[in-house]
Amino acid sequence: MTKSEWRQWIKEKLYKYPETIQVKETQLIHEKLFSHSVWKQASTIGVTVSIKNEINTLPIIEQAWQEGKQIVVPRCRRSDNSLLFYHLTCWEELQESFYGLQEPDVNKCSIRKRCDIDLVIVPGLVFDEKGYRIGYGGGYYDRFLTEEYLFSTMSLCYEFQVTKTLPIDTYDRPVNWLVTPERVIKTNSEKQ
């Protein structure tokens, strides 16, 4: 399948995935994430604010705050399809942007450098066991991950979102870890 065919197929599966199962499996994903050594060692965590049919990240942000960790949330800069991360201290610092995304209000949040981040939770629609992913097609995270970085990367997904191999391009960047309700997969990507 092509990337666009994968996107369409997974979006349909996510749309039809029963909410009761999503809630249960998301809780298992959160438990695996919070007990992982990468999470425990991270003091600054980058994460998007989830939208419908994505793994719910609101409890992740709440848990980080409870543990005294800093949360940085990306804002998409459409002029060059890049991501800038802002320190989020409360929900009131978010505002709705394009496609219904909740992003930091630049007038209420301070920007953070990539060198300040320890862990980035990278969103996506489908992943292979090597850590490659197909996202929504904007290329924001692939651009963000092309620059030198020292932080760890993780993606959270349901088991049906993981496959053996995906079509990849030279600009695609794998994540270090995949967390599903059933397992934690350490990928072969170089940053571990």
Side-chain angles (χ1 to χ4, degrees), residues 14 21-51 54-74 83-91 102 104 109-135 140-166 168 172-192:
L14 284 167
I21 296 174
Q22 285 184 41
V23 169
K24 180 182 174 188
E25 292 192 348
T26 296
Q27 186 175 353
L28 292 171
I29 290 168
H30 290 161
E31 288 170 8
K32 284 182 172 42
L33 171 65
F34 300 149
S35 65
H36 198 283
S37 60
V38 171
W39 169 272
K40 289 181 177 181
Q41 293 166 10
S43 50
T44 301
I45 298 167
V47 62
T48 58
V49 177
S50 57
I51 56 175
E54 292 181 335
I55 302 294
N56 187 356
T57 61
L58 303 187
I60 294 170
I61 295 169
E62 293 277 358
Q63 181 72 22
W65 285 338
Q66 286 176 17
E67 293 183 23
K69 298 178 185 294
Q70 290 193 3
I71 284 292
V72 292
V73 174
L83 292 177
L84 298 174
F85 281 79
Y86 291 82
H87 183 211
L88 189 76
T89 61
C90 65
W91 299 118
Q102 292 288 313
C109 303
S110 57
I111 196 165
R112 288 294 189 265
K113 298 177 194 168
R114 68 178 45 245
C115 62
D116 296 332
I117 305 172
D118 302 307
L119 168 63
V120 175
I121 298 174
V122 182
L125 288 168
V126 61
F127 308 85
D128 71 18
E129 293 178 349
K130 296 183 210 102
Y132 287 98
R133 53 180 274 286
I134 295 175
Y140 288 91
Y141 273 90
D142 288 321
R143 282 181 191 84
F144 182 73
L145 298 176
T146 56
E147 297 179 37
E148 189 59 36
Y149 63 93
L150 297 173
F151 49 79
S152 296
T153 54
M154 284 185 153
S155 288
L156 315 176
C157 54
Y158 302 115
E159 194 64 36
F160 69 81
Q161 291 176 274
V162 180
T163 188
K164 285 283 182 204
T165 57
L166 287 172
I168 58 170
D172 290 330
R173 297 291 177 260
V175 296
N176 306 134
W177 303 90
L178 297 176
V179 181
T180 79
E182 297 174 20
R183 57 192 171 142
V184 177
I185 302 166
K186 184 176 181 180
T187 70
N188 293 328
S189 59
E190 63 278 358
K191 297 250 192 277
Q192 298 181 24

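One is the number of the first residue; the rest follow in order along the sequence.
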Inset, instruction - Tell me, please, whether Trp39 has Lys69 positioned over its six-membered ring: NZ or CZ under 6.0 Å from the ring centre and within 45 degrees of its axis? - result: yes

Legend entry - Main-chain N/O of Val175 paired with Thr187 side-chain donor or acceptor, under 3.5 Å: yes

Legend entry - 4.5 Å side-chain heavy-atom contact, Val38 and Phe151: no

Legend entry - Heavy-atom donor-acceptor pair, Lys32 side chain to Pro181 backbone, under 3.5 Å: yes

Legend entry - Value rounded to 0.5 Å, distance of CZ in Arg112 from CD1 in Ile117: 10.0 Å

Inset, instruction - Kindly indicate, with the supporting measurements, whether the criterion salt bridge (Lys or Arg N to Asp or Glu O under 4.0 Å) is fulfilled by Arg183 and Glu159. - result: CA-CA 9 Å; Arg183 57 192 171 142; Glu159 194 64 36; 2.6 Å; yes

Inset, instruction - Assess the side chains of Ser43 and Asp118: does a donor N or O sit below 3.5 Å from an acceptor N or O? - result: yes

Legend entry - Distance-minimising heavy-atom pair for Thr89 and Trp65: C-CZ2, 3.6 Å

Inset, instruction - State whether the side chain of Gln161 and the backbone N or O of Leu125 hold a donor-acceptor pair below 3.5 Å, judged by distance alone. - result: yes

Legend entry - Nearest heavy-atom neighbours spanning Val122 and Ser155: O-OG, 2.7 Å

Inset, instruction - Mind checking the CD1-CD1 spacing from Ile168 to Ile134? Nearest 0.5 Å is all I need. - result: 10.5 Å

Inset, instruction - List the atom of Thr48, the atom of Pro74, and the distance in Å for their closest heavy-atom pair. - result: CG2-CG, 3.5 Å

Inset, instruction - Measure the shortest side-chain to side-chain distance between Lys130 and Thr165 over non-hydrogen atoms and say whether it is less than 4.5 angstrom. - result: yes

Legend entry - Inter-residue atom distance Ile121.CD1 - Ile60.CD1, 0.5 Å rounding: 4.5 Å

Legend entry - Atom of Val126, atom of Leu166 and distance for their closest heavy-atom approach: O-CD1, 3.6 Å

Inset, instruction - Taking the side chain as every heavy atom from C-beta outward, state whether Phe144 and Arg173 have any atom pair closer than 4.5 Å. - result: no

Inset, instruction - Search all heavy atoms of Val179 against all heavy atoms of Leu33 and return the closest pair with its distance. - result: CG1-N, 4.3 Å

Legend entry - Flag side-chain contact, heavy atom, 4.5 Å: Gln22 against Asn56: no

Inset, instruction - Can you label the angle between the Phe85 ring and the Tyr141 ring as parallel, tilted or perpendicular, going by 30° and 60°? - result: perpendicular

Inset, instruction - Provide the closest heavy-atom pair for Ile61 versus Val47 in the form atom of the first, atom of the second, distance. - result: CG1-CG1, 3.7 Å

Inset, instruction - Check whether any side-chain heavy atom of Asp142 lies under 4.5 Å from a side-chain heavy atom of Arg133, and answer yes or no. - result: yes

Inset, instruction - Taking Asn176 for its side chain and Met154 for its backbone only, find out whether a donor-acceptor pair lies under 3.5 Å. - result: no

Inset, instruction - Would you please test Arg143 and Leu83 for side chain to side chain contact (heavy atoms under 4.5 Å, CB included) and show each step? - result: CA-CA 8 Å; Arg143 282 181 191 84; Leu83 292 177; over 6 Å; no

Legend entry - Distance in Å, Gln63 CD paired with Ile71 CD1, rounded so as to fall on 0.5 Å steps: 10.0 Å

Legend entry - Pairwise side-chain contact, Ile55 with His30, heavy-atom cut-off 4.5 Å (strictly under): yes

Legend entry - Rounded distance [0.5 Å steps], CG in Leu58 versus OG1 in Thr26: 11.0 Å

Legend entry - OG-CG distance between Ser110 and Leu88, expressed to the nearest 0.5 angstrom: 10.0 Å

Inset, instruction - Answer yes or no: is there a side-chain heavy-atom contact under 4.5 Å between Tyr132 and Thr163? - result: no

Inset, instruction - Please say which of Leu84, Val49, Val73 ends up in a side-chain contact (heavy atoms from CB on, under 4.5 Å) with Pro104. - result: Val73

